[in-house]
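In what follows, a single structure is set out as C-alpha cells and then discussed.
Please read all numbers here as calculations on a predicted model, not as lab measurements. A note on names: the letters A, B, ... follow the listed sequences, proteins ahead of strands, and every chain is numbered from 1.
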2 protein chains.
Amino acid sequence: MSQSVDRALSILPLLAEGPADLGRVADRLGVHKSTALRLLRTLHEHGLVYRQPDQRYRLGARLFALAQEAVENLDVREIAHPHLVRLNEECGHTVHLAVYEEDEVLYIDKVESRYPVRMYSRIGRPVAITVAAVAKLLLADLPEDRRRALAERLDYPMYTARSTPDAATFLEELARVREQGWATDLGGHEESINCVGAPIRGADGRVVAAMSLSAPNVVVTADELLALLPLVRRTADAIGREYSGTTPADTPHD
Amino acid sequence: MSQSVDRALSILPLLAEGPADLGRVADRLGVHKSTALRLLRTLHEHGLVYRQPDQRYRLGARLFALAQEAVENLDVREIAHPHLVRLNEECGHTVHLAVYEEDEVLYIDKVESRYPVRMYSRIGRPVAITVAAVAKLLLADLPEDRRRALAERLDYPMYTARSTPDAATFLEELARVREQGWATDLGGHEESINCVGAPIRGADGRVVAAMSLSAPNVVVTADELLALLPLVRRTADAIGREYSGTTPADTPHD
DNA sequence: GATGCCGTTGCGTGTATCGCAATGGGCGTT
DNA sequence: AACGCCCATTGCGATACACGCAACGGCATC
C-alpha cells in the first residue's frame with residue numbers, strides 16, 4: 001500500500017538470510033542503489049539493521065528488543081509460565097505454549113525437558129502447522145469457514161509417514177480435536193517424538209492459547225505420554241481460570 | 001531520511017509499549033489518521049503488526065521470526081553455546097554471552113543458574129552498559145577515541161552504591177580491564193550479585209564477544225567467584241580459538 | 001601509478017503519499 | 001427501538017517527497 005515502506009520492510013527478510021552488501025540489496029529489491037541506500041539508512045537509524053565492520057548490512061539489535069517487548073506484552077505468557085515450569089517439574093518432559101496469529105501458529109514459551117534429548121523447536125519460530133498438537137488445538141477453535149479456508153490454503157509436507165497428508169484429513173482431525181477437547185501428534189513431525197496438548201480457554205470459552213507436552217518414545221511410549229493427559233488438561237484449565245480472572249476483557253495496567 | 005519509512009518504523013517502539021488503536025497511533029505520530037492507517041496496513045502485510053480481535057494493533061509475529069533468524073546468523077553464538085553449557089555444568093552459575101553493536105551491548109545467549117535464584121536479564125535486552133562485566137570487556141576493546149566519545153555520551157545511573165558514577169571513573173575502569181584482560185562487576189548492578197567476565201577474541205585479536213559468570217553472594221562470595229576466573233578465561237579462549245579456526249573471515253555455508 | 005568497483009552525493013522530474021472531508025458501521029445512550 | 005456518537009475507512013486533488021540518473025571519491029587490485 002505504501003511503496004517505500006513496503007520496499008524497506010522487504011529488506012528485513014532478505015537480510016534474515018544473511019548479511020548482504022548494498023548492491024545485492026538493490027538488486028533483490030529491483031531498485032536503484034541510491035534508493036536502497038536511503039531505505040537502509042532509515043532502517044539503520046531505527047536500529048533495525050546494523051552495519052558490519054566490512055560494510056555489509058545485517059539485522060540489527062533493536063529487533064531483539066522489540067520482539068522481546070512484544071512477547072512480554074502477551075499476558076497469557078506471563079500467567080502461564082509458572083504453571084508450565086511446575087508441569088515440567090512434575091513430569092520432566094518438554095512443555096510448549098503456543099498462540100495463533102494470522103494464519104500462523106507460533107511458540108511463545110518453552111520449558112526444556114530435563115532429559116538429555118532435546119527437541120528441535122524455538123520460541124518465535126512458526127510451528128509445523130499441519131501436524132503439531134498445539135496447532136490442531138488452535139485451528140480447531142476457528143470459525144468453520146476460516147478453518148476450511150485456511151486448510152485449503154496450507155501445504156501438507158510429509159515430515160514422516162504419519163504426517164497429515166491433505167486438507168480433508170486435516171479437517172477431519174480438527175473436528176475430532178474440537179470434539180474431544182485435546183490433541184496429539186504421534187510421530188507426525190519427527191518419527192520418534194510424541195505430543196499431547198490441551199487448549200487454554202478465556203472467559204468467553206474461546207481458545208486463547210494451547211500447550212503441549214512432548215517426549216521422544218525412547219523415554220516414554222505414546223501410551224505412557226497419553227496417561228499424562230489429565231495432568232496437562234488440569235494445568236491448561238488452571239491457566240485459563242487465572243487468565244479469565246485477572247483480565248476480564250482488557251489489560252489492567254495502562 | 002525517508003519520511004514514510006521513518007514514520008512507519010516509529011510505530012514499532014510505540015506499539016512495544018502496548019496495544020494501541022488507530023487514533024492513538026496517529027496522534028503519537030503527529031499525522032492524520034488516514035496516513036497512520038496506510039502505514040499500519042503496510043506493516044500488517046509484512047506481519048510486523050497484528051490486529052487484535054478488538055481492532056487494536058499489536059506487534060506481530062514475524063518480528064519474532066526475524067529476531068530469531070538474526071540471532072541464528074551470529075556464528076559466535078552457535079560456536080559458543082556448547083561451551084557455555086559445559087561451563088554451567090561445571091560450576092552451576094548463570095552464564096552470559098554478549099556482543100557490542102552500535103553503542104549498545106546486548107546479551108545474545110544465557111544459560112540459567114541451577115540454583116533457584118534467578119537473575120533479571122533477558123536475551124536481546126540491552127545490558128546495563130556502565131556496570132556489567134561483559135560491557136566493560138567489549139567497550140575496553142574499542143579504539144581510544146570512540147571509547148572516550150561513548151563514555152561521555154552515556155548516562156551513569158546509580159543502580160547501587162557501587163555503580164560506576166561518571167565517565168572519568170568508567171574510562172579508568174576500562175583501561176584497567178583492557179590491561180588485565182578480564183573484568184568484574186561486584187554489586188554494581190544489583191547489590192547482592194557479582195560477576196566475572198572474560199573476552200572472546202577473533203583471529204585478529206579483536207574482541208568479538210564477551211562472556212561472564214554471575215552469582216548472588218548468598219551462594220558464593222566474591223572471592224570464591226573470582227577463584228573461577230581461570231576457568232572462565234579458559235572457556236573464553238577455547239571459544240575464541242574455535243571461532244578463529246572455523247571462520248577465517250566469512251561464513252562457510254552461503 | 002592506472003583501472004575498476006562500490007558506496008555515496010546532488011539534483012530535477014514524476015509519482016506516490018499526504019491531509020481533507022465525507023461515508024459507513026458498530027456501540028452505547030436516552 | 002431509534003438516535004447519535006465515535007472510530008475506522010474511502011476517494012480525491014495538490015504537493016511534498018522519493019525515485020533514478022549521472023558524476024564523484026575512496027579503496028583495492030592488476
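Checking C:dT8, D:dA8, C:dT9 against every side-chain atom of B:Q55, the shortest atom distance belongs to D:dA8. In this structure, the nucleotide among D:dC21, D:dA18, C:dC18 sitting nearest to the side chain of B:S2 is D:dA18. Nearest nucleotide to the side chain of B:L37, out of D:dT9, D:dA18, C:dC18: D:dT9.
Between the C1' atom of D:dA18 and the CD1 atom of A:I11 lies a distance of 14 Å, rounded to the nearest Å. Going from atom CE of A:M1 over to atom P of D:dT9 covers 11 Å, rounded to whole Å. Atom P of nucleotide D:dA22 and atom NZ of A:K33 are separated by 13 Å, given to the nearest angstrom. Distance CG (A:L39) to C1' (C:dG7): 15 Å, rounded to an integer number of Å. Straight-line distance from the CG atom of B:D27 to the C1' atom of D:dC7: 12 Å, rounded to whole Å. Taking atom CG of B:L43 as the reference point, atom P of C:dT17 lies 13 Å away to the nearest angstrom. Atom P of nucleotide C:dT9 and atom CG of A:L22 are separated by 12 Å, given to the nearest angstrom. To the nearest angstrom, P of D:dG20 lies 10 Å from CG of A:L29.
Looking only at atom types and distance, the side chain of A:H96 has no donor-acceptor partner in the side chain of A:D109 under 3.5 Å away.
For the pair A:R51 and C:dT8, the criterion of a side-chain N or O lying under 4.0 Å from OP1 or OP2 is met. Using a 4.0 Å cut-off, some side-chain N or O of B:R41 falls inside it from OP1 or OP2 of D:dT10. Side-chain nitrogen and oxygen atoms of B:R56 include none within less than 4.0 Å of the OP1 or OP2 phosphate oxygen of D:dC7. Taking 4.0 angstrom as the limit, B:S4 places a side-chain polar atom (N or O) nearer than this to OP1 or OP2 of D:dA18. Side-chain nitrogen and oxygen atoms of A:R7 include none within less than 4.0 Å of the OP1 or OP2 phosphate oxygen of C:dA16. Remark: A:T35 is in phosphate contact with D:dG20, judged by side-chain N or O atoms under 4.0 Å from OP1 or OP2.
Summary of the strand contacts: A:D21 and B:Q3 both lie near DNA chain C, and taking for each the nucleotide with the nearest heavy atom, the more 5' one is attributed to A:D21. Nearer the 5' end of DNA chain C, as judged by each residue's closest nucleotide, is the contact made by A:H32, out of B:R38 and A:H32.
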Note to self: Please evaluate residues A:E101 and B:R62 with respect to the criterion salt bridge (charged side-chain N to carboxylate O under 4.0 Å, His left out), reporting the C-alpha separation (whole Å), side-chain torsions for both, the decisive distance (0.1 Å), and the verdict.
What the structure shows: CA-CA 10 Å; A:E101 178 179 322; B:R62 187 113 344 143; over 6 Å; no

Set out, in order, the CA-CA distance, both residues' side-chain angles and the distance that settles side-chain hydrogen bond (donor to acceptor under 3.5 Å, both in side chains) for A:S4 and B:S4, then state yes or no. CA-CA 7 Å; A:S4 55; B:S4 54; 2.5 Å; yes

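In this structure, A:L63 and B:L63 have side chains that are in contact, with non-hydrogen atoms separated by less than 4.5 Å. Looking at A:K136 and A:L174, their side chains come closer than 4.5 Å, going by heavy atoms from C-beta outward.
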